[in-house]
Amino acid sequence: MQILFGGTFDPVHNGHVAMMDALSAAFPHALVHVIPNRLPPHRQSVADSGHRLAMLDLLLSGYERITVDRIEMERDGPSYTVDTLKAFRAEYGPDEPLVLSMGADAARGLARWHQPERIVELAHVCILDRDGQTAETPDVLASMRPVDSIDALAGSAFGCLCRLQTPAVPTSSTEVRGLIAEGIETLPVPQEIHDYISNHNLYRTVND
Ligand code: ATP
């Protein structure tokens, strides 16, 4: 089973780390692929791809079952999740369970993604619900079969919707960039990410 967790990670922060840990714990027999996008379709990233990738590499080098996947960085053009899922399907074959995981906020914006209806036939979806709250199922996922145990996903390759309760870590990359631009030293990011940001003078102004 392959778990996909994509994002801009601009920069990676404690909320992302909590989600990666939750996925790794919930899917003990799977590999979690953290997939930084090369060129966010909906917006520009602030730090360039190289820095975003380097921070993830630094953070995840000690993890055995979480890997940084360069697939979107190495593909030309916008990073569409549907293209990434097709590539995973081609690599792992028709029977491999693929699980696209995303935070509840990302799930809410799913209808604006490129060809969101194709996701249903390419992967399972796991919505990361925070702090006991259950995000509404986006219309575009209405045809998916809800399952209430993670194990149920192992029985098929795609088409199921599960939810994972995760701890609330209320921060965002936008907040981290704002704190740095204000000169605030205490940031909701792991220490090695803090050091990397300082050493490379990243995010000193909100738009750099
Ligand atoms: P930005 O503030 O720049 O929009 P972000 O913090 O939302 O960025 P992304 O890289 O866009 O981070 O998100 C990647 C994934 O991580 C998405 O699925 C998103 O829902 C999830 N995520 C982001 N922040 C948190 C958080 N604090 N807790 C749980 N999940 C999060």
Side-chain angles (χ1 to χ4, degrees), residues 3-27 32-49 51-60 66 68-73 78-82 84-85 98-114 116 119 123-138 140-141 161-182 184 187-190 193-194 197 202-203 205-208:
I3 315 298
L4 292 81
F5 183 57
T8 309
F9 305 109
D10 193 17
V12 63
H13 56 65
N14 290 345
H16 296 135
V17 175
M19 297 309 109
M20 293 172 198
D21 285 339
L23 286 167
S24 176
F27 295 95
V32 178
H33 301 257
V34 173
I35 310 177
N37 52 23
R38 176 172 168 276
L39 199 134
H42 306 301
R43 63 201 170 115
Q44 293 295 313
S45 62
V46 176
D48 71 32
S49 306
H51 285 308
R52 294 186 289 120
L53 188 59
M55 287 188 271
L56 286 172
D57 278 340
L58 193 62
L59 176 74
L60 296 171
I66 307 182
V68 184
D69 195 313
R70 287 158 164 70
I71 181 170
E72 294 190 354
M73 292 269 173
S79 297
Y80 293 128
T81 298
V82 71
T84 303
L85 288 172
L98 301 179
V99 183
L100 177 66
S101 61
M102 66 187 81
D105 57 320
R108 271 192 290 276
L110 203 55
R112 291 192 302 276
W113 291 20
H114 183 61
I119 290 171
H124 300 308
V125 170
C126 178
I127 298 180
L128 305 169
D129 283 325
R130 284 179 219 173
D131 201 21
Q133 297 179 3
T134 302
E136 239 179 74
T137 302
V140 73
L141 302 183
L161 176 66
C162 77
R163 292 169 180 282
L164 186 62
Q165 279 301 332
T166 59
V169 184
T171 189
S172 67
S173 299
T174 304
E175 183 191 45
V176 174
R177 295 193 301 269
L179 292 171
I180 297 167
E182 284 174 44
I184 292 167
L187 303 175
V189 303
I193 301 304
H194 192 300
I197 289 170
L202 299 181
Y203 309 117
T205 64
V206 178
N207 293 314
D208 71 3

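This is a predicted model, so every value here is computed, not measured. Atoms within each ligand, like the ligands themselves, are counted from 1 in listed order.
- Distance check: F9 CZ to L53 CG gives 11.0 Å after rounding to the nearest 0.5 Å.
- Counting the atoms of ligand 1 from 1 in the order shown, those under 4.0 Å from a heavy atom of T174 are 1 (P), 2 (O), 3 (O), 4 (O).
- For atom 5 (P) of ligand 1, the candidate residues are P188, G15, S173; the nearest heavy-atom contact is made by S173.
- Here atom 31 (C) of ligand 1 lies nearest to R130 when heavy atoms of R130, H16, H13 are compared.
- Annotation for ligand 1: atoms under 4.0 Å from non-hydrogen atoms of F9 are 10 (O).
- In this structure, NE2 on H33 lies 8.0 Å from CD1 on I3, to the nearest 0.5 angstrom.
- Using a non-hydrogen distance threshold of 4.0 Å, G6 registers as a contact of ligand 1.
- Paired with L56 under the rule side-chain contact (heavy atoms from CB on, under 4.5 Å), one option of H16, R70, M20, H51 passes, and it is M20.
- Taking all heavy atoms of T171, D105, N37 into account, the minimum distance to atom 20 (O) of ligand 1 is reached by D105.
- Among residues two or more places apart in sequence or in another chain, the salt bridge (Lys or Arg N to Asp or Glu O under 4.0 Å) test is passed with R108 by none.
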Checklist entry - Is there a side chain to side chain contact (heavy atoms under 4.5 Å, CB included) between T137 and R163 once you walk through the steps? => result CA-CA 10 Å; T137 302; R163 292 169 180 282; 2.9 Å; yes
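- Contacts between E175 and ligand 1 below 4.0 angstrom, taking non-hydrogen atoms only, are absent altogether.
- Heavy-atom contacts of M19 reach the following atoms of ligand 1: 28 (N), 29 (C), 30 (N) (cutoff under 4.0 Å).
- With values rounded to the nearest 0.5 angstrom, I71 atom CD1 is found 13.5 Å from R38 atom CZ.
- Close approach of ligand 1 to A106 is summarised as follows: ligand atoms under 4.0 Å from at least one heavy atom of the residue are 18 (O), 20 (O).
- With rounding to the nearest 0.5 Å, the separation of CD in E175 from CD1 in I180 is 10.5 Å.
- Atoms of ligand 1 lying under 4.0 Å from at least one heavy atom of G7, given by number and element, are 10 (O), 14 (C).
- By the 3.5 Å distance cut-off applied to N or O atoms, G103 is counted among the residues near ligand 1.
- Listed by number with element, the atoms of ligand 1 under 4.0 angstrom from any heavy atom of F5 are 15 (C), 16 (O), 18 (O).
- Across every non-hydrogen atom of S49 and M73, the tightest pair is CB-SD, 3.4 Å.
- Within the 4.0 Å heavy-atom criterion, the part of V169 lying near ligand 1 is the backbone and not the side chain.
- Without hydrogens or angle criteria, R177 side chain to D10 main chain gives a donor-acceptor distance under 3.5 Å.
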